Amino acid sequence: MSSPSPTAPGVCQGDFRFRCIACGHLSDQASQDFRCAHCKDLLEITYPNWQETKSDPAKLKAGWRYRKLSAKPVDQSGVWRFRDLLPRIDSDLDAITLREGNTPLYELPRCARTTGIPRLFAKHQGMNPTGSFKDAGMTVAATFARRAGFRWVACASTGNTSASMAAYAARGGLRSLVLVPEGKISWSKLSQALDYGAVTCQLRTDFDGCLRLLQQLVLRAPVYQLNSINPFRLEGQKTLAIELLEQLDWNPPDHIIVPGGNLGNSSAIGKALVEMRDLGLISKMPRLSVIQAEGANALVRTLREAAGRRLVSVAAETRATAIRIGNPASWKKAAHVLEATSGACEQVSEMEIAQAKAEIGAEGIGCEPASAVTLAGLKKLIQQGFVKQDETVVLVLTGNLLKDPDFTIDFHRGDMFKGGAGAGISPEVDALRHPPLVLDATLDAVIRTLEQAEKS
Ligand code: F0G
């Protein structure tokens, strides 16, 4: 690797500064590991001049609507369209964009009936260019990596970050290095990183081990880290919430429910909600709730066992591999936004995840297992009385079904839970399975199958 010549990872252009989330220290530059120079905690991006420069919410909303008519790539991006609330770039041409964002908000009529929540929506971030919500953050962070003069970008990943980073690096003329846990991520996600030209290392460890190694690497080599520790990622991911509010005509939902892994996304959505409230873009704060898999429940335990004061790490295990994370980097940010929005934190079992994923699938909407924790979690929050029937609820679906087809196939074929086809699952869950049928290639066989299906 040639000798490093890049400038600091983030150079302040006058419209934003880095602030430590623990000691509040403000700085114009961040070190390679994006940690506070004083106390080593995480940084966030803050905009000191907003109160004077962004004081007209109607003007901001009108400007964002107007950009929808533009043919400029930066306006067609569902992230950069909201660039008034992002770190400033000098020229529109600087943005590395795949026209990310612009994701649909779907009604879920069947799930609305079964949960008893008539106003139930899914914001499907799996409809992004590389099939996950990561693209919204990656477009911003990759852009700032290139501006800072880096040639290499790197990440540790459970799969989606690496797919997204590799794509944006390729578009931006950057090289990319991926660290993933060997055997613990889906082939679909790995195949994306390979195709987009990343140097892909399958390390004999878990995600948390990959991230630890990356944090050391960035202090030794001139690579720019694109994990969600990087606060530019979270700025981009904020736009999910801005676009959602625009789609709801600026009427805030009562609840937004999001899966929790490394906890960057919940932190970003929460930051967006606080900023939108402070700028007068919304008049009411939605409650933001985070749902984790039971086997990867570090935030749940941190809040229950340590009152959010220290991280309770876990040895993570779940088939929802995207959120198989035991030592979430952004736990403090997430705990803070849960408090700021009066949200809840829950956990769901593997069976509940599989059932919820199939229920979302039955709506004609494909998501990956990690996304389905939101519906499974909603059911629990209804039981607890935290979500009420007359409230509006938005589930954030973070990834596309095609990201993890093995999970879906194992479920429908009945291979997912111990004991073989269909064993160990309730009749309710079993009814959601649609296994493929192998038939003789005769008209009779197909008609018989059709008749049987009609009766069932
Ligand atoms: N859903 C999906 C589909 C994900 O890929 C991830 C995280 C999450 C939810 C959790 O989001 O970490 O911001 O709390 N995937 C990361 C990755 C860790 O490397 O792709 P989070």
Side-chain angles (χ1 to χ4, degrees), residues 42 103 123-128 130-138 141 154-167 178-181 184-186 188-190 192-193 198 200 203 206-211 214 225-231 233-234 236-238 240 257-271 288-293 296-300 316 318-335 337-338 345 348 353 357 360 366-374 377 395-404 407:
L42 296 186
T103 57
K123 174 76 174 151
H124 200 345
Q125 293 297 97
M127 304 298 269
N128 266 294
T130 76
S132 84
F133 72 99
K134 306 286 180 180
D135 295 344
M138 208 53 79
C155 72
S157 181
T158 57
N160 281 326
T161 300
S162 54
S164 181
M165 179 189 76
V178 160
L179 307 181
V180 289
K184 310 267 171 49
I185 78 165
S186 97
S188 306
K189 299 174 187 178
L190 193 72
Q192 290 180 286
T200 303
L203 303 184
D206 54 12
F207 168 82
D208 302 293
C210 293
L211 188 57
L214 179 77
Q225 74 147 313
L226 283 180
N227 274 93
S228 54
I229 289 173
N230 180 324
R233 279 268 315 273
L234 301 200
Q237 284 171 214
K238 278 188 335 193
L240 177 169
I257 303 182
V258 65
N262 213 21
L263 299 173
N265 206 28
S266 36
S267 305
I269 297 170
K271 186 171 191 281
L288 178 66
S289 294
V290 177
I291 312 296
Q292 298 194 298
N297 60 352
L299 184 65
V300 174
T318 168
R319 272 212 64 167
T321 52
I323 50 173
R324 193 176 180 280
I325 294 171
N327 200 21
S330 293
W331 69 273
K332 259 189 210 171
K333 289 186 180 179
V337 299
L338 285 181
C345 184
V348 292
I353 296 172
K357 197 182 107 51
I360 295 168
C367 69
E368 69 170 284
S371 308
V373 301
T374 53
L395 310 178
V396 178
L397 304 182
T398 44
N400 197 288
L401 177 144
L402 297 174
K403 287 285 197 170
D404 193 352
F407 184 102

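Model, not experiment: these values are computed from the prediction. First listed ligand is number 1; within each ligand, the first listed atom is number 1.
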Check your understanding: Is there a heavy atom of Ile325 sitting under 4.0 angstrom from any atom of ligand 1?
Key ->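 It does, in that a heavy atom of Ile325 comes within the 4.0 Å cut-off of ligand 1.
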
Distance under 4.0 Å to a non-hydrogen atom of [X]: what atoms of ligand 1 satisfy this?
X	value
Gly261	10 (C), 12 (O), 14 (O), 21 (P)
Ile323	8 (C), 9 (C), 10 (C)
Gly260	14 (O)
Gly264	13 (O), 14 (O), 21 (P)
Glu368	3 (C)
Ser157	17 (C), 19 (O), 20 (O)
Asn262	12 (O), 14 (O), 21 (P)

Specify the protein heavy atom at minimum distance from [atom]: its residue, its atom name, and the distance to 0.1 Å.
atom	answer
atom 5 (O) of ligand 1	Asn160 ND2, 2.7 Å
atom 1 (N) of ligand 1	Thr398 OG1, 2.7 Å
atom 20 (O) of ligand 1	Thr161 N, 2.8 Å
atom 15 (N) of ligand 1	Lys134 NZ, 2.9 Å
atom 13 (O) of ligand 1	Asn265 N, 2.8 Å
atom 6 (C) of ligand 1	Phe133 CE2, 3.6 Å

Mark yes or no for whether [X], through its side chain, and [Y], through its backbone, hold a donor-acceptor pair below 3.5 Å.
X	Y	answer
Thr200	Val178	no
Arg233	Leu226	yes
Asn262	Gly264	no
Asp208	Gly326	yes
Asn128	Asp135	no
Lys189	Ala163	no

Distance-only donor-acceptor check, side chains [X] and [Y], under 3.5 Å:
X	Y	answer
Thr398	Gln125	no
Asn160	Glu368	yes
Lys403	Ser132	no

Review point. Going by heavy atoms in the side chains, are Ile269 and Val337 under 4.5 Å from each other?
Key: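 Of all side-chain heavy-atom pairs linking Val337 with Ile269, none is under 4.5 Å.
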
Check your understanding: Can you check whether Gln237 reaches Phe133 side chain to side chain, under 4.5 Å on heavy atoms?
Key ->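 The answer is yes; the side chains approach within 4.5 Å.
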
Review point. Would you say ligand 1 has an N or O under 3.5 Å from any N or O of Leu263?
Key: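 N/O-N/O distance below 3.5 Å exists for this pair.
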
Check your understanding: Would you say Thr158 and ligand 1 have an N/O pair spaced under 3.5 Å apart?
Key ->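 Checking ligand 1 against Thr158, an N or O pair does fall under 3.5 Å apart.
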
Practice item. Mind checking whether Ala370 contacts ligand 1 via backbone (N, CA, C, O), side chain (CB onward), both or neither, at a 4.0 Å heavy-atom cut-off? Key: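 Side chain only; the backbone of Ala370 stays clear of ligand 1.
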
